[in-house]
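Only one structure is covered here, and it is reproduced in the block below.
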Amino acid sequence: MTKSTLKDNFLWGGAVAAHQLEGGYNEDGKGLSIADFMTLGSHEHPRKLTETIEEGEYYPNHKAIDFYHHYKEDIALMAQMGFKAFRTSIAWSRIFPNGDENKPNEAGLAFYDKMFDECLKYGIKPVVTLSHFEMPYNLVTNYGGWSNRKLIDFFARFAHVCFERYHNKVKYWMTFNEINNQTNYESDISVYENSGVKFKPGDNKQKMMYQAAHYELVASAQAVQIGHAIDPSMQIGCMLAFCPIYPASSRPEDVLFAKKAMDARLYFGDVHVNGAYPNWLKAYFENKKWDLDISDNDLEILKHGTVDYVAFSYYMSFTAKYTDHWDYREFSDLVKNPYVKANDWGWAIDPVGLRYALDWMTTRWHKPLFIVENGLGAYDKLTDDKKVHDDYRIEYLRSHIVEMKKAVHDDGVDLMGYLPWGCIDLVSASTGEMKKRYGFIYVDEDDYGQGSMKRYKKDSFNWYKKVIASNGENLE
Ligand code: BGP
């Protein structure tokens, strides 16, 4: 047999997040999280962020796919596919229902013990995100989310409890999911999901975003130090949403603008990896004359809490055009790329962009990389004989794996693993829909939580099983 491109211990598997699949939103002492206040939306109508749980509204994360009660069955299916790793998050409000308590909720901790044990039983390594769009809601109402410095301590306590409790079971961690998504600060939902910050009219959104992000970066660096002190064998990474931003043309202004737009979206990685803000951003803050709360002690913490690896999601690329300002705005500066197609939600399908991402990050950060999300959201049809013929998903994943292998083989990228998003169908983060499906496993449930909740293997299930068994050599 020829040697495969990917290393022998390459982590094949899949990824999910607690609030998008667990359900059980108020069971065993769980507190309400920000996701519990997000209604069902669609591609056309954004999800509403309500102040209370309103009658007559549907909140899809309350039930999700009820993994809280189905986890054994679901993990058994993942084991059948040959998963080496399973990425999920720990719902912060299961452990600290209000976020600001001194003592954790034992029932919440016990759930993750059982769930991780179930993974380990099959040799599946848990890969865990500490904060994935699901902070306790009390931290929003009583503290203003991450606009408040106090959250650094609350997060440190949460991280400490998780590392202490699970360090023998979980070796791969990430601090904040897609921490850089909030650079899209014109979108209320992005900043709310990342930071629990709700804007009021007249707020300087951009400044508030940088402040909240700073506290998160400090909290992340602190968590890395806490984790390493508890158990140096734990690998603690950051997690970025990587969307290459191509220039719309070879016009020098477009090229420079696209570069600056990428810097703005990815400076988080510079801070996580280098332990310091990049020069351009220091200059930017100075020129803005903002009175940001960034202390010398914070900068020390950043310096000593650099990450072990960089994890990232990759779904799509963007293309940007310079107009009359150098501040990149996701809402107004993006243009359609004529060279790539898009899915039904308008997300560009660009496998070459994945190789670009891997190459770009390796050149810039020289760290091991971990693909912890990638996939195609699509409408699936369950046939009368309970099959799902999702050849479009197979094609999407295959083409991305081909480019991923080129990045390893031709560009020398140090890649830890590949964990496609939503390995089992779950609630969409952006729209709250069930019908935007990613899974290898179909869950019989509609947007309103109706259905048998039965699980069915899609065609992609057997395909992915072969991919894993051959360590990525058999993609047919
Ligand atoms: C990322 C999030 C995930 C996930 C994924 C797909 O931004 O980290 O939580 O949901 O995107 O997005 P969506 O669910 O909106 O299709």
Side-chain angles (χ1 to χ4, degrees), residues 14-22 33-36 38-47 49 60-61 64-65 67 86-92 127-135 174-184 187-196 216 237-243 265-266 268 310-318 330 342-349 353-354 357 370-380 392-393 396-397 400 418-440 443 445 447:
V16 298
H19 70 286
Q20 290 173 262
L21 90 164
E22 285 180 2
S33 86
I34 57 173
D36 294 321
M38 296 175 70
T39 66
L40 171 63
S42 67
H43 182 31
E44 295 76 27
H45 302 286
R47 305 179 76 175
L49 316 175
N61 301 72
I65 62 160
F67 179 78
F86 173 55
R87 174 188 176 219
T88 188
S89 59
I90 294 179
W92 187 348
V127 176
V128 172
T129 321
L130 285 168
S131 180
H132 192 134
F133 304 167
E134 55 207 356
M135 60 193 281
M174 284 159 280
T175 51
F176 291 91
N177 181 63
E178 292 187 336
I179 187 169
N180 61 324
N181 251 2
Q182 55 196 323
T183 41
N184 185 14
S187 144
D188 289 350
I189 213 174
S190 292
V191 180
Y192 177 74
E193 283 186 328
N194 276 120
S195 292
E216 284 167 62
C238 58
M239 199 290 195
L240 306 168
F242 198 103
C243 308
R265 270 191 69 88
L266 292 156
F268 295 82
V310 176
F312 68 102
S313 63
Y314 177 77
Y315 293 93
M316 63 194 135
S317 56
F318 294 146
E330 212 164 296
N343 75 4
D344 290 321
W345 285 262
W347 294 18
I349 300 175
L354 176 58
F370 199 169
I371 302 170
V372 297
E373 288 188 34
N374 173 234
L376 179 71
Y379 298 108
D380 287 337
Y392 37 88
R393 181 166 295 107
Y396 178 100
L397 295 170
H400 283 75
Y418 180 68
L419 309 177
W421 176 251
C423 45
I424 178 164
D425 292 345
L426 39 58
V427 172
S428 155
S430 57
T431 68
E433 295 166 300
M434 268 304 295
K435 65 171 175 285
K436 188 181 187 190
R437 295 173 184 273
Y438 287 87
F440 302 109
V443 178
E445 182 185 7
D447 285 349

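In this chain, numbering begins with 1 at the start of the sequence shown. Note that ligands are numbered from 1 as they come in the structure, with each ligand's atoms numbered from 1 the same way.
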Quiz item: Among protein heavy atoms, which lies nearest atom 7 (O) of ligand 1, and at what distance?
Solution: Glu178 OE1, 2.5 Å
Exercise. Give the ring-plane orientation class for His19 versus His132, where under 30° counts as parallel, over 60° as perpendicular and anything between as tilted.
Key: tilted
Quiz item: Side chain of Thr431, backbone of His43: donor and acceptor closer than 3.5 Å?
Solution: no
Self-check item: Region of Ser430 that comes within reach of ligand 1 [heavy atoms, distance under 4.0 Å]
Solution: both
Quiz item: Can you say whether the rings of Tyr314 and His400 are parallel (under 30°), tilted (30 to 60°) or perpendicular (over 60°)?
Solution: tilted
Quiz prompt | atom 5 (C) of ligand 1: the protein heavy-atom neighbour that sits closest, reported with distance to 0.1 Å | solution = Tyr315 OH, 3.2 Å
Exercise. Give, for atom CG of Asn61 and atom CD of Gln20, the distance between the pair rounded to the nearest 0.5 Å.
Key: 7.0 Å
Quiz item: Judging by distance only, is a nitrogen or oxygen of Val427 under 3.5 angstrom from one on ligand 1?
Solution: no
Quiz item: Can a non-hydrogen atom of Trp345 be found less than 4.0 Å from any atom of ligand 1?
Solution: no
Quiz item: With backbone taken as N, CA, C and O and side chain as the heavy atoms from C-beta onward, which portion of Tyr438 lies under 4.0 Å from ligand 1: side chain, backbone, both, or neither?
Solution: side chain
Quiz item: Shortest non-hydrogen contact from Pro60 to Gly432?
Solution: CG-O, 3.3 Å
Quiz item: How long is the gap from OG on Ser187 to CG on Asn181, to the nearest 0.5 Å?
Solution: 8.5 Å
Quiz item: Going by the order shown, which atoms of ligand 1 are within less than 4.0 Å of some heavy atom of Ser428?
Solution: 13 (P), 14 (O), 15 (O), 16 (O)
Practice problem: For atom 12 (O) of ligand 1, grab the closest protein heavy atom and report residue, atom and distance to one decimal in Å. | Solution: Trp347 CH2, 3.3 Å
Quiz prompt | Arg47 side chain vs Ile189 backbone, donor-acceptor pair below 3.5 Å | solution = no
Quiz item: For atom 11 (O) of ligand 1, what's the nearest protein heavy atom and its distance?
Solution: Glu373 OE1, 3.5 Å
Quiz item: Between Thr431 and ligand 1, does any nitrogen or oxygen pair lie at a separation below 3.5 Å?
Solution: no
Quiz item: Any idea which atoms of ligand 1 are less than 4.0 Å away from a heavy-atom of Lys436?
Solution: 13 (P), 15 (O), 16 (O)
Exercise. Report the nearest protein non-hydrogen atom to atom 10 (O) of ligand 1: residue, atom name, distance rounded to 0.1 Å.
Key: Gln20 NE2, 3.0 Å
Exercise. Just say parallel, tilted or perpendicular for the rings of Tyr438 and Trp421, cut-offs at 30° and 60°.
Key: perpendicular
Quiz item: Hey, do the aromatic rings of Phe133 and Trp92 have their centres closer than 6.0 Å?
Solution: no
Quiz item: Please state which protein non-hydrogen atom is closest to atom 14 (O) of ligand 1 and give its distance, to 0.1 Å?
Solution: Ala429 N, 2.7 Å
